[in-house]
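The block underneath contains the structure these notes are about, expressed in structure tokens.
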Protein chains: 2
Amino acid sequence: MRDADLQEIRALPLFRDMGEAPFADLMRGAYHQNFPAQVTLIEEGRPADFLHIVTDGAVELFARWSNRETTLAVARPVSTFILAACINDAPYLMSARTMTSSRIAMVPGADLRAAFLKDAAFAQAIVGELAGCYRSVVRHAKNIKLRSSKERLAAFLIGEAEKAGQGSSFELPFEKRILASYLGMTPENLSRALKQLKDEGVMVDGATVRFHDVDRIRAIAMPGRLMDECV
Amino acid sequence: MRDADLQEIRALPLFRDMGEAPFADLMRGAYHQNFPAQVTLIEEGRPADFLHIVTDGAVELFARWSNRETTLAVARPVSTFILAACINDAPYLMSARTMTSSRIAMVPGADLRAAFLKDAAFAQAIVGELAGCYRSVVRHAKNIKLRSSKERLAAFLIGEAEKAGQGSSFELPFEKRILASYLGMTPENLSRALKQLKDEGVMVDGATVRFHDVDRIRAIAMPGRLMDECV
DNA sequence: CGCGTTTTTGACCGATATCAAGTCTTGTGG
DNA sequence: CCACAAGACTTGATATCGGTCAAAAACGCG
């Protein structure tokens, strides 16, 4: 790996606090590569050889079953994906594909497990990351099981608005097709749900969204830290 | 804690490989108690003070939102619950209540985090357990998003039959009401789904279930290790 | 500009929820 | 041990949500 790459990886929260020697061992078999959009990085069911870390771009995590497909998460910089499969040396439960051109660091699973045993700071960082991923999926499951599709959409929009900050409008972070899949509905239904929200004062123009009255949307979504990352 | 309890806890996979001193430190503030059925052990939103471990009985993990409630998992001996919240020192995302009279060990979250840093074997056991929990929720989310309710029910029954072993019939492990909630449907709908499966050769009498032809159910559920714990 | 993809729209259908009884089961107190 | 009450389960009627199919419109990219 190039020296500039090493520096970049070293600066990530996951590796920042680990010792010099374990870090060097870990990086010996690691890669840091650019991929174009729409490249499949991982196929579910395959053995987990590498821990992946998105350092730039965006990666869709999805699963297939019987001709159906669903998006379970979108990984953005800087976060890992399929950490759990690597830790347990088990088959991936999700597939991954780049959504945009992306930069991905890959660390061999065996080295990861070795470093985990040698370096307590690294172990702590790993377990913190993993716990965060776990909580994120639990929120996703609660979202799907407890809210209707309209409520899920409203909650998603509120979340994006929070992330975007104080501006009066914001952009959807990815295609509506994928948003629909993430929210557990069909694209047609998302389209209709957006139209329903128009009556509640949500203005949608392509990918840009503007709220007339945030509180009305908030009343539908009833967001909270127990189901939504942002409140 | 009584000595017999200490022995029992020590024998669990989670604690088996850790050193004597860290284990003693960990147990200093720990409890091991019996609870009757239908006791709420944890309320979502509260700070995660204790790691819980079911050593006997069964615990329902559920979440509430806006008058709705859903069962996300059932913890059986020997497994932990709300590990992720303890690790991250964050609020619980799920509530927990005993389903039957149960025995629960409780370890203070702060001690847990301290032991994690001191003992690499314990750290490894914890992270393995956590990764397992993560994969289990991912399976649950896939199940909900990719399968219809009839398919989910069929998959659940196949799983139970596997667990039960070679006997020709098995018992549902808990009330249908809770099974319905776990499978993401109403009790009425579960009742109807069971009747639909009757036409596929599933005989149901109260809580006991018998398959006329497993392969027909298998054809509906199409179980696999990427969505079902057992295949 | 022209093609392929995404998004929208409409009509229709199926799956699932809701509401309302009614039946069965279970646990409790007499 | 029985009677009763509460809760669980089932059943039927009906409503709603969300999915499917088909086609048109909008968008993005070479």
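We name chains A, B, ... by the order of the sequence lines, and we start the count at 1 in each one. Note that the coordinates shown come from a computational prediction; the quantities given were computed from them, not determined experimentally.
- With ring centers used as reference points, B:Phe170 lies under 6.0 Å from B:Phe211.
- The stretch residues 66-75 of chain B has no heavy atom under 4.0 angstrom from DNA chain C at all.
- Straight-line distance from the CG atom of B:Leu194 to the C1' atom of C:dT16: 15 Å, rounded to whole Å.
- Between B:Leu190 atom CG and D:dT10 atom P the separation is 7 Å, expressed in whole Å.
- In the displayed structure, B:Arg46 atom CZ is contacted under 6.0 Å by at most 12 heavy atoms of other residues, nucleotides or ligands.
- Taking atom CE of residue A:Met185 and atom C1' of nucleotide C:dT8, one finds them 15 Å apart after rounding to whole Å.
- Looking only at side-chain heavy atoms (C-beta outward), B:His140 and B:Ile144 come within less than 4.5 Å of each other.
- Looking at residues two or more places apart in sequence or on another chain, you find a salt bridge (Lys or Arg N to Asp or Glu O under 4.0 Å) between B:Lys142 and A:Glu44.
- The closest side-chain heavy-atom distance from A:His52 to A:Val59 is not below 4.5 Å.
- The CD1 atom of B:Ile53 sits 9.5 Å away from atom CD1 of B:Ile82, with the distance rounded to the nearest 0.5 Å.
- The two residues A:Phe50 and A:Tyr92 come nearest to each other via the heavy atoms O-OH, 3.4 Å.
- Taking atom NZ of residue B:Lys195 and atom P of nucleotide C:dT16, one finds them 16 Å apart after rounding to whole Å.
- One interatomic measurement links the two molecules: CG of A:Leu183 to C1' of D:dG18, which rounds to 14 Å at whole-angstrom precision.
- Rounded to a whole Å, the CD atom of B:Glu151 is 14 Å from the P atom of D:dG19.
- Atom pair A:Leu197:CG and C:dT8:C1' shows a separation of 16 Å (rounding to whole Å applied).
- Scanning residues 140-149 of chain A for heavy-atom distances under 4.0 Å to DNA chain D yields A:Ser148, A:Ser149.
- Contact of the A:Asn189 side chain with the A:Leu183 side chain is not registered, since no non-hydrogen atoms from C-beta on lie closer than 4.5 Å.
- Per the geometry, CD belonging to A:Gln38 stands 12 Å off C1' belonging to C:dT5, to the nearest Å.
- Applying the side-chain contact (heavy atoms from CB on, under 4.5 Å) rule to A:Asn67 yields no partners; only residues at least two apart in sequence or on another chain are considered.
- Going from atom CD1 of A:Ile220 over to atom CD of A:Glu200 covers 3.5 Å, rounded to the nearest 0.5 Å.
- A heavy atom closer than 4.0 Å to some atom of DNA chain C occurs in A:Glu175, A:Lys176, these being the qualifying members of residues 168-176 of chain A.
- The CZ atom of A:Arg10 sits 12.5 Å away from atom CG of A:Asp3, with the distance rounded to the nearest 0.5 Å.
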Could you run through nucleotides 20-30 of chain D and give me one letter per nucleotide, 5' to 3': B if any protein heavy atom sits under 4.0 Å from the base, S if only the sugar-phosphate is that close, - if neither?
BB---------
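- Open room surrounds CG on B:Asp205; 12 or fewer heavy atoms of other groups in view lie less than 6.0 Å from it.
- Here the CG-CD distance, from B:Leu190 to B:Glu188, works out to 10.0 Å after rounding to the nearest 0.5 Å.
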